[in-house]
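To start, the structure under review is shown below, and the notes come after it.
Just so it is clear: chains get the letters A, B, ... in the order the sequence lines come, proteins before strands, and each one is counted from 1. Both backbone and side-chain heavy atoms feed into the values below; hydrogens, waters and symmetry mates do not.
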Amino acid sequence: MRIYFGYVAMSVIVPECTPSKTITFQNLSKIDGEKARFSRLSSIARENLRNTRRLFFHNQAHDIKLFRITSKLIPLATHPIAENWDWFVEVKDELKSLGDYARENAFRISAHPDHFTLLNSPREEVAEASIRDLEYHLRIMDGMGLDSSAKLVIHVGGSYGNKEASLKRFIQNYKLLSSEFKQRIVLENDDKIYTAREVLGLCQELKIPMVLDIHHHWCNNHNDDVGDYLADIFATWEGEARPPKIHLSSPKDAKRFRSHADNVEASFFLEFLAKARPLNRDFDVMIEAKNKDQALFNLLAELKSIPYIHFIDEGSIEV
DNA sequence: ACCTGTCAAGTCTGG
DNA sequence: CCAGACTTGACAGGT
C-alpha cells in the first residue's frame, strides 16, 4: 500500500512566502474610493497567488503531491465591503495556470473552509453565509480547472443543544445544495461534538466521503475503537478518483490537548498504521502541525528506521 | 528588526 | 444575558 503525505497551506522552509496575506476591514475602510480599495485587494490576491505558485514549485521539488490551499487566498472575498469586487476576473489567468501546474504534476489539492462555515446552523444568516463561503471555495477550484477529486473538507457543525435535530438540519441543508457542491464536499469528525462514528453514519446516509482526523478522534470518541470501522470509513471513498484521506496531528500538551503540536509523534502515526495495514489500501495523510512542511519531513525521517516502511521518494512511502 | 494586542465571520460554557 | 475561551496567522502600530 502506498501512502502519500502532504501539509497545510504554508511552508516554514520557503522564506517570505505567505499565501494568506490580507488587510483588515478597518484599514481597507480608510482607503478612499471603491476603485482604490478593490485595487488594493487585487494586488494582495495576486501576491498570494504568486506565493502559492512558489509553494507548488517547492512541493514538486520535494515530491509532495498533497497540499491544502489556504482559504485566505483572496482577501475579504466574502466580506460585504468587497461585494462589488469581481475578484475572479482579476485573478482568472493566474488561477488557471496554477491549476494547470497542479494537474501536470498530479497534485491532490484540497481546501478546508474555516470553522464558521456551519451548514447546520439554525440561524439562517449563518447557514447562508456558509454557502457563500463554500461558493467562494468552489470558484477557486473551478478557476484552477480542478476536477471533482479536489475536495472541500468541512465539519458537520454545532450541536445547538440538540445533536439529533442538528444532524437532521445538516441533512436537510446539504440536500438543497447543487451537485457542484456535493461532488466536492467531504466530512470530517471534530474534536468536541461529532465523533468519527457519527460522521461515518452521516456520510453513509448521504454518500459523502469521510476524512478521518486521528487527533480529533483521540479527543472525542465515546470510547470506541476506530479500527472497528476503519474499513467502512475507507469504503465511503468507493467510486472516487483518489484514495481516502486522513488528517494527522499530535496533541500540544496535557492541558491544551486539542491544539496541534509543532510536530507529529511518529508513534501516533504508527498506532494508526497498525490498524490500517490489514486493509491494504492506499491512503493520503494530511499533516496538520505548526511546523508545516518541516513537520512532514521530520516525521518521515523518523519512519526511516521502521523495517516494514519503504521510501518511494521524499513525500510517499510503501508499506 | 522585533514585540504585542487585535482581527469579518460562530458556538459553547460558566457566571 | 454577557464575557471569555477556543484557535491561528497575519496585521498594524509601536518601540
Side-chain angles (χ1 to χ4, degrees), chain A residues 7-31 37-38 40-41 43-45 47-52 55 68-85 87 111-137 152-163 165-167 169-170 173 188 190-194 213 215-216 219-220 247 249-263 286-295:
Chain A
Y7 67 99
V8 173
M10 60 176 285
S11 168
V12 298
I13 296 170
V14 183
E16 303 284 312
C17 196
T18 177
S20 307
K21 186 178 164 72
T22 188
I23 182 169
T24 57
F25 166 68
Q26 290 290 345
N27 271 282
L28 187 66
S29 305
K30 287 180 200 156
I31 299 175
R37 286 197 291 275
F38 292 173
R40 177 84 189 106
L41 289 169
S43 102
I44 294 171
E47 194 175 332
N48 286 340
L49 283 159
R50 256 198 317 279
N51 282 341
T52 303
L55 292 172
R68 179 190 300 169
I69 52 172
T70 175
S71 291
K72 300 190 179 80
L73 206 53
I74 312 296
L76 301 177
T78 58
H79 191 283
I81 195 174
E83 205 183 341
N84 298 318
W85 173 43
W87 60 266
H112 197 352
D114 280 312
H115 57 278
F116 29 80
T117 297
L118 298 154
L119 271 185
N120 76 341
S121 176
R123 293 168 56 200
E124 210 165 301
E125 71 273 22
V126 173
E128 277 167 8
S130 301
I131 291 172
R132 277 199 301 280
D133 190 57
L134 288 169
E135 262 165 1
Y136 152 73
H137 285 87
L152 293 178
V153 183
I154 60 170
H155 295 286
V156 179
S159 64
Y160 309 100
N162 185 342
K163 245 166 124 173
S166 299
L167 271 170
R169 206 164 37 243
F170 181 92
N173 289 346
E188 175 191 349
D190 65 75
D191 58 356
K192 282 203 174 104
I193 304 166
Y194 296 99
D213 187 305
H215 183 184
H216 290 165
C219 296
N220 178 29
H247 288 173
S249 53
S250 293
K252 195 172 185 70
D253 52 45
K255 197 169 182 302
R256 291 165 296 176
F257 63 91
R258 293 184 212 275
S259 301
H260 294 159
D262 294 356
N263 290 290
M286 181 60 69
I287 306 260
E288 297 179 325
K290 213 168 146 61
N291 282 346
K292 307 292 175 183
D293 48 347
Q294 188 60 60

Presence of [X] side-chain N/O under 4.0 Å of [N] phosphate oxygens OP1/OP2:
| X | N | value |
| --- | --- | --- |
| A:Thr22 | C:dA10 | no |
| A:Thr24 | B:dT6 | no |
| A:Arg123 | B:dT11 | yes |
| A:Lys290 | C:dT7 | no |
| A:His115 | C:dT7 | no |

Taking the minimum atom-to-atom distance to the side chain of [X], which one of [options] wins?
| X | options | value |
| --- | --- | --- |
| A:Ser121 | C:dT7, B:dT11, C:dA12 | B:dT11 |
| A:His260 | C:dT8, B:dA8, B:dC12 | C:dT8 |
| A:Val126 | C:dT8, B:dG10, C:dA10 | B:dG10 |
| A:Phe116 | B:dA8, B:dT11, B:dA9 | B:dA9 |
| A:Gln26 | B:dA8, B:dT11, C:dT7 | B:dA8 |
| A:Thr18 | C:dG13, C:dA10, B:dT11 | C:dA10 |
| A:Lys292 | C:dG9, B:dT11, C:dT8 | C:dG9 |
| A:Lys21 | C:dC11, B:dT11, C:dA12 | C:dC11 |

Work out how far the [atom1] atom of [N] is from that of [M], and round it to whole angstrom.
| N | M | atom1 | result |
| --- | --- | --- | --- |
| C:dT8 | B:dC2 | P | 24 Å |
| B:dC12 | C:dG9 | P | 24 Å |
| C:dG4 | B:dG5 | C1' | 16 Å |
| C:dC11 | B:dG10 | P | 22 Å |
| C:dT7 | B:dC3 | P | 24 Å |

Exercise. Would you say A:Glu125 has more than 12 foreign heavy atoms packed within less than 6.0 Å of its CD?
Worked result: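 Enclosed: over 12 neighbouring heavy atoms sit under 6.0 Å from CD of A:Glu125.
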Problem set entry | Residues, nucleotides or ligands: over 12 heavy atoms within 6.0 Å of A:Lys290 NZ |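 No, NZ of A:Lys290 has 12 or fewer neighbouring heavy atoms, counting only those of other groups under 6.0 Å.
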How close or far is atom [atom2] of [N] from atom [atom1] of [X], stated in whole angstroms?
| X | N | atom1 | atom2 | answer |
| --- | --- | --- | --- | --- |
| A:Asp114 | C:dT7 | CG | P | 14 Å |
| A:Glu16 | C:dG9 | CD | P | 16 Å |
| A:Asn291 | C:dG9 | CG | P | 11 Å |
| A:Lys163 | B:dT11 | NZ | P | 16 Å |
| A:Asn220 | C:dC6 | CG | P | 17 Å |
| A:Lys255 | C:dA5 | NZ | C1' | 11 Å |
| A:Lys192 | C:dT7 | NZ | C1' | 9 Å |
| A:Leu28 | C:dA10 | CG | C1' | 15 Å |

Categorize [X] for me: base, sugar-phosphate, or nothing, with a 4.0 angstrom heavy-atom threshold over every strand shown.
| X | result |
| --- | --- |
| A:Lys252 | nothing |
| A:Thr78 | base |
| A:Lys72 | nothing |
| A:Thr117 | nothing |
| A:Ile81 | nothing |

For this session: Provide the Watson-Crick or G-U wobble partner of B:dG10, both distances under 3.5 Å; none if there is no partner.
Result: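 Its partner is C:dC6.
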Problem set entry | Opposite nucleotide pairing with C:dG14, Watson-Crick or G-U, both atom distances under 3.5 Å |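 By the stated definition (distances under 3.5 Å), B:dC2 pairs with C:dG14.
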Exercise. Do A:Asn291 and A:Asp262 have side-chain atoms, one donor and one acceptor, less than 3.5 Å apart?
Worked result: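 The answer is no; no qualifying pair exists.
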Exercise. Is it the case that A:His216 and A:Glu188 place a side-chain donor and acceptor less than 3.5 Å from each other?
Worked result: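 Side chains of A:His216 and A:Glu188: pair found under 3.5 Å.
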Exercise. Counting N and O atoms only, with roles assigned by atom type, does the side chain of A:Asn120 sit under 3.5 Å from a partner on the main chain of A:Leu167, one being a donor and the other an acceptor?
Worked result: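 No, the answer is negative, given that no donor and acceptor are paired below the 3.5 Å cut-off.
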Exercise. So, A:His260 side chain and A:Ala289 main chain: donor-acceptor pair closer than 3.5 Å or not?
Worked result: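 No, the answer is negative, given that no donor and acceptor are paired below the 3.5 Å cut-off.
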For this session: Would you name the heavy atoms of A:Arg169 and A:Tyr160 that are closest together and state the gap between them?
Result: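 Heavy atoms of A:Arg169 and A:Tyr160 come nearest at NH2-CD1, 3.4 Å.
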Problem set entry | A:Leu55 to A:Met10 - nearest heavy-atom pair and separation |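 Between these two residues, the closest heavy atoms are CD1-CA, 4.2 Å.
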For this session: Could you check A:Lys30 against A:Pro19 and say which one's nearest nucleotide on DNA chain C is further toward the 5' end?
Result: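 By nearest-heavy-atom nucleotide position, the 5'-most residue is A:Pro19.
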